[in-house]
Amino acid sequence: MDNVRGFEEDRIDHDTETGASGVDEPRLDIGTDERRMHVRAYNHWVSLLRGRAYPSIEDLDPANIADFGPHSVLLDFSKGIEDPSIAWLGRALREECQLDHSTTHISQVPSRSLLSRLTDHYLQIIANRAPIGFEAEFVGTRGHNTMYRGILMPFSSDEDSIDFIYGVINWKELVDAATQAKLDAEVEESVRNAPKATATAPAWADGPSAGIDEGGEDAGDAPPFAGVGSPPALGSLSDQLMLAQQTAAAVRAADTRTRTTLYRALARAHDFAAAADADPAGYEALLDHAGIAVQLRAPMTPVVKLVFGADYDKTRLTEYAAVLSHARRIGVATGGLTAFLEGFEGGIKGVVKAEREAKRPAPAPKAIDPAGVLDARPSLGRVTIATGHAAGDYVVLLARAGEAGTLEIVAAVEGDSALTQRAMRQAAA
């Protein structure tokens with residue numbers, strides 16, 4: 001029988017009489033507003049706390065978590081932390097690492113396997129006594145770069161000590177650099193050799209290449225960075241992303257990179273961003289599939305990561321995101337980014353500089369020196385009262401209004417410098 005302490009096959013998708021989820025228990029519905037696997041796993045961990053320092057291991061049943069159970073591992077520290085046993089290993093993770101049931105302890109996990117990316121972090125949980133998340137990439141046993149994102153979460157059998165750790169990891173394998181470069185070059189070659197459209201109303205008449213010929217020069221009298229009419233129907237959001245990625249692939253190939261190609265790729269990324277606004281659910285699904293997080297403070301960064309690749313040069317990604325953000329800030333129309341970049345002084349660098357200046361916070365107003373302001377003002381009147389203050393000091397006086405516009409001073413407020421400073425600032429404002 002399956003349980004969290006056994007190392008048996010997952011029950012997920014094995015029962016032919018169950019529903020679409022493939023399990024005989026209700027499917028967990030955790031964090032439906034957040035699609036990323038490790039965030040859903042963390043939300044599940046929080047739901048099991050119930051006021052305790054750590055969730056009880058008795059409440060965890062990875063075999064019945066259809067969402068992320070197959071991507072998870074449970075480590076048992078009840079017999080010591082030097083070499084914890086593997087109490088559960090999800091089917092997807094086991095198959096990815098090509099492990100069988102003979103692998104029962106951490107010491108048996110291959111050092112270059114995906115599972116080692118999780119188990120290498122377990123001592124941090126013991127030290128921090130809290131969940132930790134991590135993401136990176138490494139070269140796996142097949143020699144390919146693998147991007148991964150994971151989380152480790154502590155569990156307890158006595159509500160006090162950490163004697164179990166539950167980890168969830170998601171991954172994506174990338175092709176090697178040589179294959180990627182070859183694909184990029186082939187795509188660019190295909191784009192260069194494609195025959196020109198002869199239709200009287202080309203499908204991309206108002207698209208990223210509107211008004212631009214192969215040499216990059218303006219054609220006709222198209223207005224600068226203004227879309228012509230409404231954007232054409234381009235199919236699904238995935239189709240538009242694929243089109244943008246094909247152009248970006250040419251940018252990634254160093255031997256075929258040109259300014260015209262880069263501008264075209266950015267223009268298609270700009271158009272894709274506009275389409276994503278109209279299909280937020282589809283955009284969220286694409287981000288989830290690519291393992292890319294939404295960034296509220298930099299909303300265009302996920303767009304350029306989708307188009308150019310999350311593994312692309314980070315400095316370039318930041319610049320490209322700034323270009324798209326500035327285009328959105330000033331309202332560059334769909335299909336108009338290429339002409340906008342061609343006409344902007346300094347090109348991409350100039351746009352990046354303009355966007356950074358636009359985002360720079362306004363300088364704080366210079367603080368007013370109330371004493372300097374009040375020193376320059378004429379006196380409203382003079383009275384002689386013994387206060388013990390030196391000439392030039394400021395004193396708060398309490399007065400009572402008398403007849404015929406007179407003021408009867410009844411006290412000097414002493415010993416409250418903060419009150420005096422507030423009164424001076426208010427009077428100087």
All side-chain hydrogen bond (donor to acceptor under 3.5 Å, both in side chains) counterparts of Q295, not counting sequence neighbours = none
ask   = So do the side chains of L398 and I409 get within less than 4.5 Å of each other, counting heavy atoms only?
value = no
note = By ring-ring contact (aromatic ring centres under 6.0 Å, His included), Y54 pairs with (sequence neighbours left out) none
ask   = Hey, are R91 and E96 close enough for a salt bridge, meaning a charged N less than 4.0 Å from a carboxylate O?
value = no
Name each donor-acceptor pair under 3.5 Å that joins a side chain in residues 345-356 to protein atoms two or more places apart or in another chain, with its distance.
{"residue": "K349", "atom": "NZ", "partner": "E319", "partner atom": "OE2", "Å": "2.7"}
{"residue": "E355", "atom": "OE1", "partner": "H326", "partner atom": "ND1", "Å": "2.9"}
{"residue": "E355", "atom": "OE1", "partner": "R329", "partner atom": "NE", "Å": "3.0"}
{"residue": "E355", "atom": "OE2", "partner": "R329", "partner atom": "NH2", "Å": "2.9"}

note = residues 395-415 vs side chain to side chain donor-acceptor pair (under 3.5 Å), sequence neighbours excluded, gives H389-E414, R400-E408
ask   = In terms of side-chain heavy atoms, does D163 have a donor or acceptor partner in S157 at a distance below 3.5 Å?
value = yes
ask   = When rounded to the nearest 0.5 angstrom, what distance separates CZ in R149 from CD1 in I169?
value = 10.5 Å
key: Short side-chain donor-acceptor distance under 3.5 Å, D375 and Y394   = yes
message = Taking the side chain as everything from C-beta on, heavy atoms only, tell me whether H44 gets closer than 4.5 Å to V168.
response = no
query = Using the ring of each side chain (for Trp, its six-membered ring), is Y166 parallel, tilted or perpendicular to F155, with breaks at 30° and 60°?
reply = perpendicular
request  = Decide side-chain hydrogen bond (donor to acceptor under 3.5 Å, both in side chains) for S107 and D83; before the verdict, give the C-alpha distance in whole Å, the side-chain angles of both, and the deciding distance to 0.1 Å.
outcome  = CA-CA 6 Å; S107 60; D83 188 17; 2.8 Å; yes
inquiry  = Tell me every residue that passes ring-ring contact (aromatic ring centres under 6.0 Å, His included) with Y283, counting only those two or more places apart in sequence or in another chain.
reply    = none
inquiry  = To the closest 0.5 Å, what do you measure between CD1 (I57) and CZ (F164)?
reply    = 5.0 Å
task = First locate atom CG of D279, then atom OG of S238, and finally report the distance between them rounded to the nearest 0.5 Å.
result = 8.5 Å
query = Rounded to the nearest 0.5 Å, what separation is found between the CG atom of L287 and the CG atom of L306?
reply = 5.0 Å
request  = Just jot down the side chain to side chain contact (heavy atoms under 4.5 Å, CB included) partners of D59, sequence neighbours excluded, or say none.
outcome  = L48, R50, R52, S56
ask   = What's the spacing between L60 CG and S72 OG if we round to 0.5 Å?
value = 8.0 Å
